[in-house]
Amino acid sequence: MKPTLPQSSSDNLAQALRQPISPDWLARPSTEVAPDLLGCTLVRQVESGQTYRGLIVETEAYAPGDPACHAYRRPTKRNQVMFGAAGMTYVYLIYGMYHCLNVVTDLDGVPSAVLIRALELEAISPWSDRQKERKLSRVAAGPGKLCRAFNINLSLSAQPLLPGQPLWLEHRSPEFEEQWKQGAIAFVQTTRIGLTQGTDIPWRWYVKDCPSVSKP
DNA sequence: TTGAGGATTTCG
DNA sequence: GAAATCCTCAAT
């Protein structure tokens, strides 16, 4: 039942040019980082050394003073990584069956994070039929689904996002940046999803007209 | 120690 | 519309 994922090819030149995102770049308010992460790449490296990549197309910010933030009240065993320095993962279990991946942001001592809500996976091959591609485009459309697709669980929480680790991030490709500047790619900012508190705060961003977004 | 509830997904 | 399913944390 587990979907087959596209495997990254190491001889792709454009991919080789992508630069890893450093913790410094993430040491800003989550409301700044969240939209900036759109178009960046999440990389998953499994034990065999094989890597999988997904384009980040939907994010949400969580910040201090935000009642929906898991770190709203006090540091606990679960959320303590959110209080620490930027560049760490924060993974939690939701509804007893799904995991959600966050990137810890802002300065040490400021509890905040960005929830990665959806990835666009690269096509399996140029020869894959349209039906297959459409299915694949929804494989990581949602925070629980992307963790299932990339085999992300609680053991990957509080880990550094650095190359060689199980997870890391890469900057936008020059092609994405160019298309975004030209207006060919646009972002939408709106309210967050699935919350009981802080429902009116517009801290969700996604790539407009992207089929891999959880709820356009 | 307890139990209510949750940053979701899927199926009917 | 509601079930699945279990960890977390505030309140006993």
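Just so it is clear: chains get the letters A, B, ... in the order the sequence lines come, proteins before strands, and each one is counted from 1.
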request  = Evaluate the ring planes of A/Phe187 and A/Trp180, with Trp represented by its six-membered ring, and classify them as parallel (under 30°), tilted (30 to 60°) or perpendicular (over 60°).
outcome  =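 Plane angle under 30°, so parallel.
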
Mark yes or no for whether [X], through its side chain, and [Y], through its backbone, hold a donor-acceptor pair below 3.5 Å.
X	Y	value
A/Asn79	A/Arg74	yes
A/Ser112	A/Ala63	no
A/Thr89	A/Ala158	yes
A/Arg28	A/Trp25	yes
A/Thr191	A/Pro202	no

If we ignore angles and hydrogens, is there a donor and acceptor under 3.5 Å between the side chains of [X] and [Y]?
X	Y	result
A/Glu175	A/Gln179	no
A/Asn153	A/Ser155	yes
A/Ser214	A/Arg117	yes

Contacts of A/Thr196 that satisfy side-chain hydrogen bond (donor to acceptor under 3.5 Å, both in side chains) - sequence neighbours left out =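 In terms of side-chain hydrogen bond (donor to acceptor under 3.5 Å, both in side chains), with neighbours along the sequence ignored, A/Thr196 is linked to no residue.
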
task = Please report, rounded to the nearest Å, how far the C1' atom of B/dG6 is from the NE2 atom of A/His99.
result =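 Those two atoms, NE2 and C1', are 14 Å apart.
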
Distance in angstrom units between A/Met97 CE and B/dC11 P, rounded =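 To the nearest whole Å, that distance equals 13 Å.
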
task = Flag the pair A/Lys215 and A/Glu58 as a salt bridge only when some basic side-chain nitrogen lies within less than 4.0 angstrom of an acidic carboxylate oxygen.
result =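 Salt bridge flag = no for A/Glu58 with A/Lys215.
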
Salt-bridge criterion met for A/Asp66 and A/Arg192 (N-O under 4.0 Å) =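 Yes, this pair counts.
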
request  = Among A/Ile56, A/Thr190, A/Val57, A/Thr59, find the one that has a side chain to side chain contact (heavy atoms under 4.5 Å, CB included) with A/Tyr206.
outcome  =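 Among A/Ile56, A/Thr190, A/Val57, A/Thr59, the one that satisfies the side chain to side chain contact (heavy atoms under 4.5 Å, CB included) with A/Tyr206 is A/Thr190.
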
key: Test side chain to side chain contact (heavy atoms under 4.5 Å, CB included) applied to A/Leu167 and A/Arg44, A/Gln159, A/Gln45, the passing residue   =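 Of A/Arg44, A/Gln159, A/Gln45, side chain to side chain contact (heavy atoms under 4.5 Å, CB included) with A/Leu167 is met by A/Arg44 alone.
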
message = Requiring both pairing distances under 3.5 angstrom, list the stems that contain DNA chain B and are made of three or more consecutive Watson-Crick or G-U pairs.
response =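 Paired runs of 3+ in DNA chain B: B:1-6 with C:6-11, B:8-11 with C:1-4.
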
ask   = Within the structure shown, what part of the strands sits under 4.0 Å from A/Arg78 by heavy-atom distance: base, sugar-phosphate, or nothing?
value =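 Sugar-phosphate, no base atom in range.
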
task = Go through DNA chain C in 5' to 3' direction and return only the first and the last nucleotide with some atom under 4.0 Å of chain A's heavy atoms.
result =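 First and last nucleotides in contact are C/dA4 to C/dA10.
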
message = If you assign A/Thr196 and A/Gly142 each to the DNA chain B nucleotide with the nearest heavy atom, which residue ends up on the more 5' nucleotide?
response =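 The residue closer to the strand's 5' end, by nearest nucleotide, is A/Thr196.
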
inquiry  = Please compare A/Leu154 and A/Tyr98 by the position of their nearest nucleotide in DNA chain C and report the one closer to 5'.
reply    =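 Comparing both residues, the 5'-ward one is A/Tyr98.
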
query = Considering only heavy atoms, which members of residues 200-216 of chain A lie under 4.0 Å from some atom of DNA chain B?
reply =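 Hits under 4.0 Å, by residue number: none.
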
query = What parts of residues 82-96 of chain A reach DNA chain B, counting only heavy atoms under 4.0 Å away?
reply =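 Close to the strand are A/Met82, A/Tyr92, A/Ile94, A/Tyr95, A/Gly96.
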
message = Just to be sure I understand the geometry, which residues of residues 57-68 of chain A put a non-hydrogen atom under 4.0 Å away from DNA chain C?
response =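 Nothing qualifies; none.
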
